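Written below as structure tokens is the structure these notes are about.
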Amino acid sequence: MAFTVKATIASFGGKLLKLSHPSSSTGTDMALNVFLPPQALDGKHTKVPVLIYLSGLTCSPDNCSEKGFFQHAAAQRGLAVVYPDTSPARGLNLPGDHDSWDFGEAASFYIDATREPFSSAYRMETYLAKELPDVLFSDAEVVGQYLDGSRVSITGHSMGGHGALTLYLKNPGKYASVSAFAPIANPTQCPWGEKAFAGYLGADNRAEWAKHDATELIKGWKGKDVKMLVDVGTGDNFYKQKQLLPENLEKAAKEAGVKGFQLRYQDGYDHSYYFMASFADDHVNHAAKHLKLPTSKAMF
Ligand SMILES: N[C@@H](CCC(=O)N[C@@H](CSC=O)C(=O)NCC(=O)O)C(=O)O
């Protein structure tokens, strides 16, 4: 069996499964949570589409499962939500991976590191884009039987917003849509991103950094319109400290003539899960629309 089930929790008429599995990408066990909506469990054997949610710095799969409120709209629309972890398994104790909360453990930035000592385990891009979908959608026993691997969208918060935007832009057609809450939208130009990319990719390797920056990637977007929704709170201290820079992403999209990008500033909201929970329905409904799910009377 690919997955070990650690817990099964009733939520909004569906079930939240806390899982772990051995990963060949990271060489560690990986934790993840999967929310199965009631439509997946009604005995009709209808596979449901999937929204992948990438968490921010310091998070595990539990933060958003417990207080992001995604399950509310996901249960209405019939959408599974997959909450992966933010870095390879805890307790590797690589040199430097516990020195600060914005680098190393729970702070992978969802890229494949090329520098020692991180390059063997910190392979989160390969894990998320290749291994996890393969394992999830081929698993016959625990979750795969409920999930439609041909209909997937992606979202995320802060560092996870960066992860969602870049995975979407790097893999045209793989995800039906993307959304982000307070994303680190131009990591090569902010302190969080500079620190992470220097550590994982090398301080002398700025050309490589640009390949993992949504603002740089959108300049080369060759697909049809992006299906991209971004929310940022005007009371977000990290926004005020210029860690997020959504205005740079907006400017780059505009200058490149990319259509379909929507940036909303939410008055007075901060960086926390109070902000996320307030707009989680909008982000689930954005994904559901592009996954072509029928509208639900319960939405209105
Ligand atoms: N520990 C830090 C605050 C860290 C923080 O705010 N993390 C955010 C994500 S930030 C960008 O990726 C988060 O989601 N935290 C988890 C939570 O449950 O709120 C500090 O003390 O300042």
Side-chain angles (χ1 to χ4, degrees), residues 9 11 16 18 31-33 35 51-72 81-88 90 96-111 113 118 122 124-125 128 154-168 178-200 209 212-215 230-249 263 266 268-280 283:
I9 301 165
S11 176
L16 184 88
K18 295 193 179 196
L32 72 154
N33 293 346
F35 172 68
L51 178 62
I52 297 173
Y53 169 84
L54 301 182
S55 301
L57 294 162
T58 72
C59 290
S60 76
D62 291 341
N63 299 63
C64 192
S65 311
E66 289 171 2
K67 56 186 180 176
F69 256 71
F70 278 69
Q71 282 109 243
H72 172 253
V81 187
V82 173
Y83 303 92
D85 207 348
T86 44
S87 71
R90 313 310 164 106
D97 78 348
H98 279 87
D99 293 351
S100 53
W101 62 268
D102 54 3
F103 184 80
E105 191 173 277
S108 71
F109 273 75
Y110 303 111
I111 59 178
F118 301 102
Y122 279 67
M124 289 296 287
E125 182 173 346
L128 290 168
I154 191 161
T155 184
H157 173 225
S158 197
M159 175 184 74
H162 144 76
L165 293 171
T166 53
L167 283 174
Y168 178 85
V178 63
S179 71
F181 300 83
I184 302 170
N186 194 185
T188 60
Q189 302 301 321
C190 76
W192 275 341
E194 289 179 323
K195 178 175 175 177
F197 287 2
Y200 298 134
W209 296 14
H212 308 286
D213 182 318
T215 297
V230 174
D231 274 323
V232 179
T234 61
D236 182 328
N237 282 332
F238 295 130
Y239 167 60
K240 292 178 190 170
Q241 291 162 14
K242 304 210 173 298
Q243 294 281 19
L244 309 179
L245 303 171
E247 61 277 13
N248 293 3
L249 178 62
L263 170 61
Q266 303 293 358
Y269 285 88
D270 64 15
H271 199 72
S272 75
Y273 280 82
Y274 291 108
F275 160 60
M276 300 256 290
S278 301
F279 299 99
H283 287 240

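Starting from 1, each residue takes its place in the sequence as its number. As the structure lists them, so they are numbered: ligands from 1, and atoms in each ligand from 1. Worth saying up front: this structure is predicted, and the values here are computed from it rather than measured. No hydrogens, no waters, no symmetry mates; every other heavy atom, side chains included, goes into these values.
The side-chain contact (heavy atoms from CB on, under 4.5 Å) check on A198 picks up A203, W209, with sequence neighbours excluded.
Protein heavy atom in closest approach to atom 11 (C) of ligand 1: S158 OG, 2.2 Å.
Checked against a 3.5 angstrom limit, the closest N/O atoms of H271 and ligand 1 fall outside it. Residue-to-ligand polar distances place N63 within reach of ligand 1: an N/O pair is separated by less than 3.5 Å.
Relative orientation of the F109 and H162 rings is tilted, given thresholds of 30° and 60° on the angle between their planes. In this pair, F181 and F275 present their aromatic rings perpendicular. The plane angle is above 60°, beyond the 30 to 60° band.
Close contacts between ligand 1 and M159 involve ligand atoms 11 (C), 12 (O) [criterion: under 4.0 Å to a heavy atom]. Each of the atoms 14 (O) of ligand 1 lies under 4.0 Å from some heavy atom of H157. In the vicinity of L57, heavy-atom distances shorter than 4.0 Å reach the ligand 1 atoms 7 (N), 8 (C), 9 (C), 11 (C), 12 (O), 13 (C), 15 (N). The atoms of ligand 1 that sit less than 4.0 Å from any heavy atom of K67 are 17 (C), 18 (O), 19 (O).
When the options F109, W101, F238 are ranked by their closest heavy atom to atom 20 (C) of ligand 1, first place goes to W101.
Contact analysis puts C59 in contact with ligand 1, with a non-hydrogen atom separation below 4.0 angstrom.
Here the shortest heavy-atom pairing between Q243 and P191 reads OE1-CD, 3.3 Å.
One side chain, S179 or T155, offers a donor N or O that lies under 3.5 Å from an acceptor on the other.
Each of Y122, F118, W192 was scored for a ring-ring contact (aromatic ring centres under 6.0 Å, His included) with F103, with one residue passing: F118.
Using a 4.0 Å cut-off between heavy atoms, T58 contacts ligand 1 through its side chain alone, with no backbone atom that close.
At least one donor-acceptor pair under 3.5 Å links the side chain of D213 to the backbone N or O of T188.
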